[in-house]
Amino acid sequence: MDNMKEQMEAFSRKAEDIVDRVGQPLKPYIPAMSRFLIVATFLEDSLRIITQWRDQLAFMEQSRGFPAGLSHIFLGLNVLTMLIASFCIIAKKYQSYAVYGLMGVIVAQAFGYGLIFDMSFFLRNLSVMGGLMMVLSETMVKRKQMFAALPQMSETNRRMYLQLAGRILLIFLFIGSAFHGEWSLMRILVSVCGLAACLMVAVGFKAKWSAMFLVLFLSVLNVFVNNFWSVQYSYYKRDFLRYDFFQSLSTVGGFLLLVSTGPGGLSYDEKKKEF
């Protein structure tokens, strides 16, 4: 049994070395790619509001009961916040403020559009927030405490807790998708494999491998399930598929950032290194 375990660990290390060598040329570009994907859903949402401005106003005023002026302010602030914050994250400028701004947009839209009790919307946005937390953890650097005599959480500890929260929140998109829809043998097999990888990400066991698997897995699944480009433009379902497609892209970006930065100190992988 011990011999088999040692063989598995040796094979795992060898495979990791091969993947590292193959992926070496892409490594410098992964953080930038991941940040762009994380904000993709906000860029798409701001573009959708702009191109459907009248329809959006009509929905807010007629269906949600917003006064005329307030609906303009609500949608305008959402668009400005999403565009400015997204470009800040891509450019790595004022990222903390940008992350808080986008989190505020998620909460505001949940109440504004009346989706606060929509479970699918809730789980998907938890995953998007997980990606934003991964971005926020990147901004954590060691700084001197302002009041040395008072107990304060170090930036390193904050980063570890943010990475843990980000890892856990990222997996909710797949959890929501796994239990939504009609069941079949193929769906059960896909769900079991995906949920196993999600569990490994959450506890930080072979986290980079699991996250890499989920990047590839969710990317393929996203193309086949949320293929909005194959639906007629006038069909109402097109907007829902496009929304789901870009939200899935943002979650993929979060997993890709996890591949780049690692799972953090509060993970099985890091604890194992200490022994």
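What's counted below: heavy atoms across the whole structure, side chains too, no hydrogens, waters or symmetry copies. Just so you know, residue 1 is the first one in the sequence shown, and it goes up from there.
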Report task. For D118, check side-chain hydrogen bond (donor to acceptor under 3.5 Å, both in side chains) against everything at least two apart and list the hits. Result ->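 With sequence neighbours excluded, D118 shows a side-chain hydrogen bond (donor to acceptor under 3.5 Å, both in side chains) to no residue whatsoever.
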Query raised in the report: Who passes side-chain hydrogen bond (donor to acceptor under 3.5 Å, both in side chains) against N226, sequence neighbours left out?
Result: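 With neighbours one apart ignored, the set is N222.
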Nearest 0.5 Å, please: how far is [atom2] in [Y] from [atom1] in [X]?
| X | Y | atom1 | atom2 | answer |
| --- | --- | --- | --- | --- |
| T139 | L136 | OG1 | CG | 4.5 Å |
| K93 | C88 | NZ | SG | 10.0 Å |
| L123 | L169 | CG | CG | 10.5 Å |
| Q163 | S267 | CD | OG | 8.5 Å |
| M60 | I73 | CE | CD1 | 12.0 Å |

Report the residues that fulfil side chain to side chain contact (heavy atoms under 4.5 Å, CB included) with [X], sequence neighbours left out, ordered by chain and then residue number.
| X | value |
| --- | --- |
| W53 | I49, L57, H72, L75 |
| L70 | F66, P67 |
| Q247 | T41, R124, N125, V128, Y243 |
| A196 | none |

May I have the list of side-chain donor-acceptor pairs in residues 105-115 shorter than 3.5 Å, sequence neighbours left out?
from, atom 1, to, atom 2, distance (Å)
Q109, NE2, D45, OD2, 2.9
Q109, NE2, N78, OD1, 3.3
Y113, OH, Q56, OE1, 2.7

Query raised in the report: Would you call L43 and L83 a side-chain contact if the rule is heavy atoms closer than 4.5 Å?
Result: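 SC-SC contact between L43 and L83 confirmed.
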Query - Validation row: L249, E44 side chains within 4.5 angstrom (heavy atoms) - result: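 A side-chain contact is absent here, since even the closest heavy-atom pair is not under 4.5 Å.
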Show me the donor-acceptor pairs, under 3.5 Å and distance only, between side chains in residues 32-40 and residues at least two apart or in other chains.
from, atom 1, to, atom 2, distance (Å)
S34, OG, I30, O, 3.1
S34, OG, P31, O, 2.7
R35, NE, I89, O, 3.1

Report task. Please lay out, stage by stage, how L214 and V201 fare under the test side chain to side chain contact (heavy atoms under 4.5 Å, CB included). Result -> CA-CA 9 Å; L214 287 170; V201 165; 3.9 Å; yes
Report task. For F121, check ring pair (Phe, Tyr, Trp, His ring centres under 6.0 Å) against everything at least two apart and list the hits. Result ->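 Partners of F121 by the ring pair (Phe, Tyr, Trp, His ring centres under 6.0 Å) criterion come out as none, since no residue qualifies.
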**Report entry** Closest non-hydrogen atom pair, F255 against L218
**Finding:**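 Scanning both residues, the minimum pair turns out to be CE1-CD1, 3.7 Å.
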Query raised in the report: Is there any side chain to side chain donor-acceptor pair (under 3.5 Å) pair reaching into residues 57-68, and which pairs are they, with sequence neighbours excluded?
Result: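 For residues 57-68: E61-S71.
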Query - Aromatic plane relationship, F213 with F217 - under 30° parallel, 30 to 60° tilted, over 60° perpendicular - result: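 Ring orientation, 0 to 90° scale: parallel.
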Report task. Give the other cluster members for V220, using side-chain heavy-atom distances under 4.5 Å between Ile, Leu, Val, Met, Phe, Trp and Tyr residues; answer none if it is isolated. Result ->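 For the cluster that includes V220, the remaining residues are F224.
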